[in-house]
Each structure stands twice: as C-alpha cells, then as structure tokens.
Undergrad: 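Shown below is the structure under consideration.
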Amino acid sequence: MGKEISVYNLADGVTDEQYREHAKNIKGPFLESLPSVRKFELVRIKGAVTGESPYTYVGILHVDNLDEFYQRDVPSQQFQEFLKEVMPMIKQEGHHMMYGEEIY
C-alpha cells in the first residue's frame with residue numbers, strides 16, 4: 001500500500017477550528033471518495049518527545065496504488081478544484097509532501 005504524507009502549518013489567519021471543520025466536512029470525505037484512496041488521516045501535533053515540532057499537522061493518505069493516484073486522481077478536475085480550495089489554508093513555506101510504499 002502506498003502512502004502520501006504531508007507535514008505543514010496553517011496559513012496566517014486560518015484557525016485550528018476552521019481547519020478542523022474543513023477537514024471533517026470537506027477534506028476528509030473528498031479524499032476518501034477518490035477511487036484509489038483507502039483512508040485519510042489528519043493528525044494535529046501536540047508536542048515532540050525532544051525539542052519542538054516545526055509542524056502542526058500531518059496528513060497521511062493511504063492509497064492502493066501510488067501510480068494510479070498520481071496518474072488518475074490527482075489530474076482530475078475535481079482534485080484540482082479541491083486543491084484550489086485547500087492550499088490557501090496551508091502555509092506554503094515549510095510545507096512538505098512525501099510519498100512511499102508501506103514496509104510493515
């Protein structure tokens with residue numbers, strides 16, 4: 001199973017409450033409706049074991065096949081419209097998206 005992992009902070013002016021509502025009502029349901037997505041998880045970071053975390057949010061997208069996700073779902077008009085809505089809520093500086101395959 002593939003994973004896409006995003007680490008980020010919210011854009012200036014976006015509150016945790018606003019983002020939480022958006023995630024529950026729009027982001028999560030939309031992502032989980034995509035054909036290649038199995039599950040979406042959003043974690044709000046409360047602290048770090050050592051030091052401080054530079055990120056407030058971690059999004060984990062569980063996909064059946066990364067190639068299908070990036071070739072079919074991401075280019076779709078629905079997904080591109082979704083990005084236009086959600087990306088302004090995320091601070092672009094320091095935002096990282098990674099992907100890989102589950103080992104264990």
Side-chain angles (χ1 to χ4, degrees):
M1 182 184 325
K3 305 274 195 240
E4 182 183 83
I5 301 167
S6 299
V7 291
Y8 55 92
N9 295 306
L10 297 180
D12 295 338
V14 178
T15 68
D16 284 321
E17 294 77 24
Q18 289 171 322
Y19 191 66
R20 185 174 304 212
E21 284 302 309
H22 183 270
K24 287 180 182 178
N25 296 320
I26 297 169
K27 185 175 186 171
F30 171 74
L31 291 172
E32 290 185 341
S33 76
L34 297 171
S36 59
V37 173
R38 238 187 233 189
K39 179 180 177 182
F40 172 68
E41 294 177 280
L42 182 62
V43 179
R44 186 177 188 295
I45 303 301
K46 296 274 189 179
V49 176
T50 59
E52 293 183 28
S53 173
Y55 304 107
T56 307
Y57 286 92
V58 177
I60 306 165
L61 199 60
H62 303 257
V63 298
D64 291 321
N65 182 301
L66 283 166
D67 290 334
E68 286 180 18
F69 174 67
Y70 286 112
Q71 292 171 9
R72 178 184 57 199
D73 294 338
V74 172
S76 73
Q77 183 177 351
Q78 272 188 312
F79 194 87
Q80 294 305 307
E81 291 297 321
F82 164 76
L83 287 179
K84 287 179 187 176
E85 182 179 337
V86 75
M87 292 309 283
M89 300 178 85
I90 295 171
K91 185 178 283 187
Q92 296 307 299
E93 180 185 330
H95 176 217
H96 294 286
M97 293 179 76
M98 302 155 280
Y99 61 89
E101 294 288 336
E102 184 175 303
I103 301 297
Y104 179 83

Undergrad: Assigning hydrophobic clusters by single linkage (Ile, Leu, Val, Met, Phe, Trp, Tyr; side-chain heavy-atom cutoff under 4.5 Å), is L31 placed with L83?
TA: yes
Undergrad: Between F82 and K27, is any pair of side-chain heavy atoms under 4.5 Å apart?
TA: yes
Undergrad: Nearest 0.5 Å, please: how far is OH in Y8 from NE2 in H96?
TA: 14.0 Å
Undergrad: First locate atom CD1 of I60, then atom CE of M98, and finally report the distance between them rounded to the nearest 0.5 Å.
TA: 9.5 Å
Undergrad: Report whether I26 and L34 are members of the same hydrophobic cluster (ILVMFWY, side-chain heavy atoms less than 4.5 Å apart, transitive linking).
TA: no
Undergrad: Quick one: sort the Y19 and H22 rings into parallel, tilted or perpendicular, breaks at 30° and 60°.
TA: parallel
Undergrad: Roughly how far apart are D12 CG and K91 NZ, rounded to 0.5 Å?
TA: 4.5 Å
Undergrad: With no hydrogens and no angle check, is any side-chain donor or acceptor of Q80 less than 3.5 Å from a backbone partner on V74?
TA: yes
Undergrad: Which pair of heavy atoms, one from A11 and one from P88, lies closest together, and at what distance?
TA: CB-O, 3.3 Å
Undergrad: Identify whether F30 and Y70 are in the same connected component of the hydrophobic contact network (ILVMFWY, side-chain heavy atoms under 4.5 Å).
TA: yes
Undergrad: Has Q77 got more than 12 heavy atoms of other residues, nucleotides or ligands less than 6.0 Å from its CD?
TA: no
Undergrad: So if I apply the side chain to side chain donor-acceptor pair (under 3.5 Å) rule between K3 and each of E102, E101, E41, which one comes out positive?
TA: E102
Undergrad: Taking the side chain as every heavy atom from C-beta outward, state whether F69 and L61 have any atom pair closer than 4.5 Å.
TA: yes
Undergrad: How far apart are the closest heavy atoms of Q18 and G13, and which atoms are they?
TA: OE1-O, 3.5 Å
Undergrad: Tell me whether F40 shares a hydrophobic cluster with V7, the cluster being built from Ile, Leu, Val, Met, Phe, Trp, Tyr side chains joined at under 4.5 Å.
TA: no
Undergrad: Please determine, by modelled atom types, if N9 and T56 share a side-chain donor-acceptor pair under 3.5 angstrom.
TA: yes
Undergrad: Does the side chain of L42 reach to within under 4.5 Å of the side chain of R20, using non-hydrogen atoms?
TA: no
Undergrad: Can you establish whether the number of heavy atoms outside Q78 located under 6.0 Å from its atom CD is more than 12?
TA: no
Undergrad: Can you tell me how far CD of E21 sits from OG1 of T15, rounded to the nearest 0.5 angstrom?
TA: 9.5 Å
Undergrad: Please tell me if the side chains of Y57 and D16 come closer than 4.5 Å, counting only heavy atoms from C-beta onward.
TA: yes
Undergrad: What are the two closest non-hydrogen atoms of A48 and S53, and how far apart are they?
TA: CB-N, 3.9 Å
Undergrad: Please report the closest heavy-atom contact between P29 and A23, naming both atoms and the distance.
TA: CD-O, 3.6 Å
Undergrad: For the side chain to side chain donor-acceptor pair (under 3.5 Å) test, which of N65, D64, D73 pairs with S36?
TA: D73
Undergrad: Evaluate side-chain contact (heavy atoms from CB on, under 4.5 Å) for E32 paired with K39, printing each intermediate quantity in order.
TA: CA-CA 6 Å; E32 290 185 341; K39 179 180 177 182; 4.0 Å; yes
Undergrad: Examine the side chains of D67 and Q71 and answer whether a donor and an acceptor come within less than 3.5 Å of each other.
TA: no
Undergrad: Which pair of heavy atoms, one from G94 and one from Y55, lies closest together, and at what distance?
TA: O-CE2, 3.1 Å
Undergrad: Indicate, with yes or no, if M89 and I5 share a hydrophobic cluster defined by side-chain heavy-atom contacts under 4.5 Å among Ile, Leu, Val, Met, Phe, Trp and Tyr.
TA: no
